[in-house]
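Just below is one structure, and these are the notes that go with it.
Note that the coordinates shown come from a computational prediction; the quantities given were computed from them, not determined experimentally. Start at 1 and go down the list; that is how both ligands and their atoms are numbered.
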Amino acid sequence: MITTFSGNEGADLETRNPHGSSYASALDSLVQHKVASRLFGRDATLWGADAEAEAAQRLGWVDLASRATSVATAAREHASTLHARGINRVVLCGMGGSSLAPEVICESTGRELVVLDSSHPDMVAEVVAQDLSHTVVVIASKSGGTVETDSHRRIFVQAFTDAGLVPAEHIVVITDPGSPFDVAAQEAGYTVFRADPEVGGRYSALSAFGIVPSALAGVDVDALLAQALAVSTAFASDSPDNPVLRLGALMGEAVRSGVDKLVLAPSDSDAPTLGVWIEQLVAESTGKHGTGLLPVVVGSPAAAGFAESTPDGLLVSFGDLVPDVPALSGWSAHVRASLGAQFLLWEAATAVASHLLEINPFDQPDVESAKLAARSMLDGDVERRSPSFVVDEVEVFTSPDLLPNSTRTVEAAVETLYSLVREPRDYLAIQVYSDRLRDHRFEEVRERLAVKLGRPVTFGWGPRFLHSTGQYHKGGPATGVYLQITVAPQGDVQVPGRPFTLGEFIDAQAQGDAEVLATRGRPVLRLHVNGPFALRDLMEALV
Ligand SMILES: O=P(O)(O)OC[C@H]1O[C@](O)(CO)[C@@H](O)[C@@H]1O
């Protein structure tokens, strides 16, 4: 069935679902139960009794478009002050929901923003080494306790001081009132933008987290808020034409029919990275209690996984061009909307899908397990594993009983791993802990492996994906097979005031996550390569 909504409020949605599917009755039920107006009226009972207390503290995002204008004004004023002092390079340090939205906003408006969401020493060293006197560093963390972001803060304070600059003149903090960063920032005299504590990280695109870095980079953020405001009334309406209800029903019912991969493709070049923002929102919100929707971000509708889709793929494209690519599963959608409307649409539709799946969209219970494992590793409480074998510059580590003892080549090890992607809903996750700016070409391996395996293949840069699909990998259905690649840094960076280097930290993060996946019975193959040159050679061995 094809349904088209041609609203003139700035969001068009076309949906397709198989004949006889439960989509129409689910949509009908959402309308009958007034889910849209209740959501936008901040009704915390929509996700069941267990979620109610948290939901009551997490629905501040529904009306940010009308409330965030004062933040936008303050950010614009601060941008003018900085520009008058010749400070025009903006570096944003933040993980997951604290950096993905401004990255999309700046990319789609052609503004320069350096996003530092990594603990890889090479990437951090490269960003810190450049032009500090013209740099403002935005330290963004809702909790104020994220180790990557706290490490960036410490490293930049040291670097500014070493360069004879006054850190307080170059640092802006975005955090919740009263968080550890708020306290430290006040003591140090940094400019602080306090975020709305009733908005969670992945729902914060239109809050201070999305607005402040974008405004500092020169984006017209008032226009972005106006785009979201223009669709707010339509999105809150209990109508079967409401794109929020229709996209939410599509996602929720697809999962309930066993179609649990959300293949996301930009159909033009307007917002190339929007898929990565949607990925975090959907994976962290829905991937728990053994259910959820796994986002598979691809480069275009011609990419493997979208063009040759799998029976478990819900295909969603976004942009001005409507691709003519039928989904093998029969489930698909195309979204044409302004960026501000896209943010609000996906946030609300994800909340609606979570309502249908009866899960709490506002927690991330399994993210903490990997953080704890990394901490134990740094504290020396967990024994470091030795490689199963070493070939040239590659050390091979495996989860228990993964490989036959006779395996002695990387090619044979990966073929054994790939052979485990065999059940109808299985997928391969490639996770690369490296400098994603330097090694971006390596992302091409996703496409090649998707063609080779004919199954969904995801690609994530570590540790960024730990704050995104990491929740789904550990909390969603046990259908993943994991290829983890860690790239040895060329140098290391001490974290001032902490007893570890970034090299030790990223190593603990990777090994910690692999251990957690293995204890949950998932197959993990870890390849540790000695530097970027070995990474380039590895590509051919993998395909
Ligand atoms: O803004 P914070 O508290 O640093 O958190 C960053 C990210 O980490 C997570 O809490 C989970 O890892 C995400 O949900 C969030 O966007």
Task: Asp312/Lys261 ion pair, N-O < 4.0 Å - done: yes
Quick one: table the atom pairs, ligand 1 N or O against protein N or O, below 3.5 Å, distance rounded to 0.1 Å.
from, atom 1, to, atom 2, distance (Å)
ligand 1, 1 (O), Ser98, OG, 2.6
ligand 1, 1 (O), Lys142, N, 2.8
ligand 1, 3 (O), Ser143, N, 2.8
ligand 1, 3 (O), Ser143, OG, 2.6
ligand 1, 4 (O), Ser141, OG, 2.7
ligand 1, 4 (O), Thr146, OG1, 2.5
ligand 1, 8 (O), His467, ND1, 3.0
ligand 1, 12 (O), His467, ND1, 2.6
ligand 1, 14 (O), Glu284, OE1, 2.6
ligand 1, 14 (O), Glu284, OE2, 3.4
ligand 1, 16 (O), Gly97, N, 2.7
ligand 1, 16 (O), Gln280, NE2, 3.2

Task: Check: His467/Glu148 side-chain N/O donor and acceptor closer than 3.5 Å - done: yes
Task: Residues that Asp507 engages under salt bridge (charged side-chain N to carboxylate O under 4.0 Å, His left out), provided they are two or more places apart - done: Arg384, Arg526
Task: Residues that Asp222 engages under salt bridge (charged side-chain N to carboxylate O under 4.0 Å, His left out), provided they are two or more places apart - done: Arg76
TODO: Scan residues 87-103 for pairs that pass side chain to side chain donor-acceptor pair (under 3.5 Å), counting only residues two or more places apart or in two chains.
DONE: Arg89-Thr135, Glu103-Arg436, Glu103-Arg464
- [ ] Taking the six-membered ring for Trp and the single ring otherwise, decide whether the centroids of Phe465 and Tyr433 are under 6.0 Å apart.
- [x] yes
